[in-house]
A.B. asks: 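Before anything else, here's the structure in question.
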Amino acid sequence: MKHTPDLLTPAQLAHSLQLLRQQKPLVHCMTNDVVQTFTANVLLALQASPAMVIDAEEATQFAGFADALLINVGTLTRDRRDAMLAAVQAAQQAGTPWTLDPVAVGALSLRTAFCQQLLVLQPAAIRGNASEILALANQAPGGRGVDSVHQADAALSAAQQLAQDYQTIVAVTGEVDYVTDGRHTLAIPGGSPLMTRVVGTGCALSAVVAALSSLPGERLQHVAAACRIVSLAGENAARKAQGPGSFVAAFLDNLWTLEVAQ
Amino acid sequence: MKHTPDLLTPAQLAHSLQLLRQQKPLVHCMTNDVVQTFTANVLLALQASPAMVIDAEEATQFAGFADALLINVGTLTRDRRDAMLAAVQAAQQAGTPWTLDPVAVGALSLRTAFCQQLLVLQPAAIRGNASEILALANQAPGGRGVDSVHQADAALSAAQQLAQDYQTIVAVTGEVDYVTDGRHTLAIPGGSPLMTRVVGTGCALSAVVAALSSLPGERLQHVAAACRIVSLAGENAARKAQGPGSFVAAFLDNLWTLEVAQ
Amino acid sequence: MKHTPDLLTPAQLAHSLQLLRQQKPLVHCMTNDVVQTFTANVLLALQASPAMVIDAEEATQFAGFADALLINVGTLTRDRRDAMLAAVQAAQQAGTPWTLDPVAVGALSLRTAFCQQLLVLQPAAIRGNASEILALANQAPGGRGVDSVHQADAALSAAQQLAQDYQTIVAVTGEVDYVTDGRHTLAIPGGSPLMTRVVGTGCALSAVVAALSSLPGERLQHVAAACRIVSLAGENAARKAQGPGSFVAAFLDNLWTLEVAQ
């Protein structure tokens, strides 16, 4: 680890959350088949506006409207790769910040090559688990399917290096989340083990990162706030839930009503 | 506005709902990636039978079995467009009524050209928000992503013209829904703001419109009943829900148990 | 019927469930668009690990990691067929057990030809409703869309023949489920009518069958346990639910906490 992480203050969290609800960013999501509904509902519960546009030509046009773009390679195909690349290039040209979720990168060749290709196209933020961030930084061969086999702190150095090399914000999430721009790092403890028993909590977090990346002000702080918003709603929901089924409803309700004491 | 809207009577609503539950129409849904599960669950909660068949050849065959076809262009691609077109043509030939949901039509070129092409293939019904109906009638450039930037009554004239030009039923939905065949118009007040914080309520409504379009009797009344069934279940669910997460479960439960006092 | 079915004992059920939670199999799901989220959440609630990898090349690579593969033809396209075939061949080569869910096989030509082609590639298990199993055994033309028009016991002979011919386990599910290897048959009563008002309960069951097929020991017993785990959670959830919406949450919660008295 290159430096000791700081904590996000409640005031910073409250500021980012309030700004998100005021600005209601339109988030263009090119994400995987499994998490589309949940991702949209998470954004809607936070007052943001999701739009899933996937055709290459339409996705290119949509870069002109959207406030942010999310690229998630979970169920990548060659066609989707080409459409995503076109969308990223259009976003870059329009100055729309875009976020990468490198799901299961490492062992699978199509997505690994594609994520490496995307890295040089200036993502505003990258959000992954420890195995994904290590694989993206070429420091490990990836996890077991979509699950991490590493702890987040094991990937912190890789995250810091990646952030420096590509001048981006990297969020490596796990029991503790770390968000870094390569010079400063914020640590976000919290969350609940139940969040790993519901599909798409990580993918939805990446969409929230994309939404908050579009806000004016300190992006490092906004991305850390995204992590804390999701982990806080997760903690609250887990206290109320009887299992992963009731967790989903409680989690969305909690995002909707979330208040942060400053 | 060309004429004053009437209201749907409770007796008409009860009749359509009862007929739906008796006939249990098999609804072939070619819809977007984001709302597939919710759409299927909404139809199932109303005793209808959803089937998502998407390959061009299979979709063509399926037109012979289905009672109704839904075309929703939310996550259109070129391949899906071709399969949808084949399905619509087969439905037309088989006399199967088909419904169009022109999601985000206007600014995005692939879907705009496709929806214009579909209009001449005699849809039984069209369901969209104000921006979509205005764009479909070439009277406005479309909304902000999937959300409307217009109120439903602003699109009423366009809806009436569209219905007359293409001899179809147009439902333009918003805080008040309007359903018109170009000569008569029904106004359906109700619903809940929480419905806009859950993805797919509009798309699922279009599936319910498709289901009810297949019933014998007055189609204008059936489509208005579809709007009222969904808005009524939405009102009831919103009273019970703590947020958009618990709303989803309450909404489906409500569709399942919905009773209409005549 | 060729022989009288036996019952699964509580001890056998408890053993399979415990083994599943210990082994946490990684299940590669190539399934239909409508049920992806629910399928993943059902596996997660049972401590298994779902992964949806769909590109032909990546799916081939993933066969080396996964403990089991699920093939569900619900929203088949030509591209998906080719990717599924590649994945099955890789699974076969790697010795990874794979399970077939022949959704709506019979009347639709693409999937019918494909499922016949797959039969000779040694599936570890096949799970379908009565109409699907009859159609797969060439004894009936299939159901009405995705719903069965036959009772499970009407398909028992076909299931037994199919199991013998292809040396596999066949689960034909309905009000009573039957699981057979062609020589022995287990009958699993239970479940709830509410399970047919939620999309994906059958498809998710097939994923659970795939997960349990990967466990060491008696596969016939494990597949029967899969059916009973799902029907038991369904019964419990139906007692608590007010309709199909609250059923979904209660069902997942129940899978999570399910205990079996031995």
Side-chain angles (χ1 to χ4, degrees), chain A residues 24-67 75 77 79-80 82-83 198 233 236-237 240-241 245-258, chain B residues 31-41 72-81 103-114 141-149 193-204 237-238 240-253:
Chain A
K24 306 177 195 306
L26 176 59
V27 185
H28 179 190
C29 300
M30 300 182 84
T31 189
N32 72 70
D33 289 339
V34 194
V35 303
Q36 304 243 16
T37 314
F38 187 61
T39 299
N41 280 335
V42 164
L43 288 173
L44 287 167
L46 286 167
Q47 309 269 11
S49 184
M52 278 68 173
V53 177
I54 61 171
D55 170 72
E57 188 192 348
E58 288 200 345
T60 301
Q61 295 178 320
F62 205 69
F65 303 104
D67 298 309
T75 50
T77 62
D79 283 354
R80 290 178 192 184
D82 297 343
V198 170
N236 293 341
K240 224 184 136 184
S246 47
F247 176 86
V248 171
F251 178 70
L252 292 168
D253 285 355
N254 221 280
L255 289 172
W256 175 248
T257 55
L258 196 65
Chain B
T31 189
N32 74 69
D33 288 341
V34 194
V35 303
Q36 304 241 17
T37 315
F38 187 60
T39 299
N41 279 335
N72 174 308
V73 300
T75 50
L76 198 67
T77 61
R78 279 158 203 281
D79 282 355
R80 289 177 191 183
R81 177 196 58 188
V103 179
V105 80
L108 299 170
S109 54
L110 181 67
R111 68 188 67 194
T112 303
F114 182 50
R144 179 174 177 268
V146 297
D147 296 326
S148 184
V149 295
L194 212 46
M195 297 177 80
T196 67
R197 294 295 107 199
V198 170
V199 80
T201 49
C203 297
K240 223 184 138 184
Q242 267 113 45
S246 47
F247 175 85
V248 171
F251 178 69
L252 291 169
D253 285 356

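Quantities reported herein were computed from a predicted structural model and do not represent experimental measurements.
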A.B. asks: Tell me, out of A:V248, A:D55, A:L252, who's got the most heavy-atom pairs with chain B below 4.5 Å.
C.D. replies: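 The candidate making the most pairs under 4.5 Å is A:D55.
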A.B. asks: Are there residues of residues 37-45 of chain A whose heavy atoms fall under 4.5 Å of chain B's heavy atoms? If so, which?
C.D. replies: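 The list, in residue order, reads A:T37, A:A40, A:N41, A:L44, A:A45.
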A.B. asks: Once salt bridge (charged side-chain N to carboxylate O under 4.0 Å, His left out) is applied, what residue pairs with a partner in residues 247-256 of chain A remain, sequence neighbours excluded?
C.D. replies: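 Matches after skipping sequence neighbours: none remain.
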A.B. asks: What pair of heavy atoms forms the shortest contact from A:I54 to B:L76, and how long is it?
C.D. replies: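 For A:I54 and B:L76, the tightest heavy-atom pair comes out as CG1-O, 4.1 Å.
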A.B. asks: Might you point out which heavy atoms bring B:G243 and A:W256 nearest each other, and give the distance in Å?
C.D. replies: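 It is CA-CD1, 3.7 Å.
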A.B. asks: With a 4.5 angstrom heavy-atom cut-off, is it the side chain or the backbone of B:R78 that approaches chain A, or both, or neither?
C.D. replies: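 Contact with chain A is through both the backbone and side chain of B:R78.
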A.B. asks: Show the numbers, then the answer: is there a side chain to side chain contact (heavy atoms under 4.5 Å, CB included) between A:L255 and B:R197?
C.D. replies: CA-CA 11 Å; A:L255 289 172; B:R197 294 295 107 199; over 6 Å; no
A.B. asks: Is there a donor-acceptor contact under 3.5 Å linking the side chains of B:Q242 and A:T257?
C.D. replies: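 The criterion, which ignores hydrogens and geometry beyond distance, is not satisfied for A:T257 and B:Q242.
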A.B. asks: A:E57 side chain to B:L110 main-chain N or O, any donor-acceptor pair under 3.5 Å?
C.D. replies: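 No; zero donor-acceptor contacts below 3.5 Å.
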A.B. asks: Working to the nearest 0.5 Å, report the span between CE of A:M30 and OG1 of B:T75.
C.D. replies: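 Answer for the CE-OG1 pair, A:M30 versus B:T75, is 11.0 Å.
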A.B. asks: So, do B:V35 and A:M52 sit near enough that their side-chain heavy atoms are less than 4.5 Å apart?
C.D. replies: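 Answer no - side chains too far apart.
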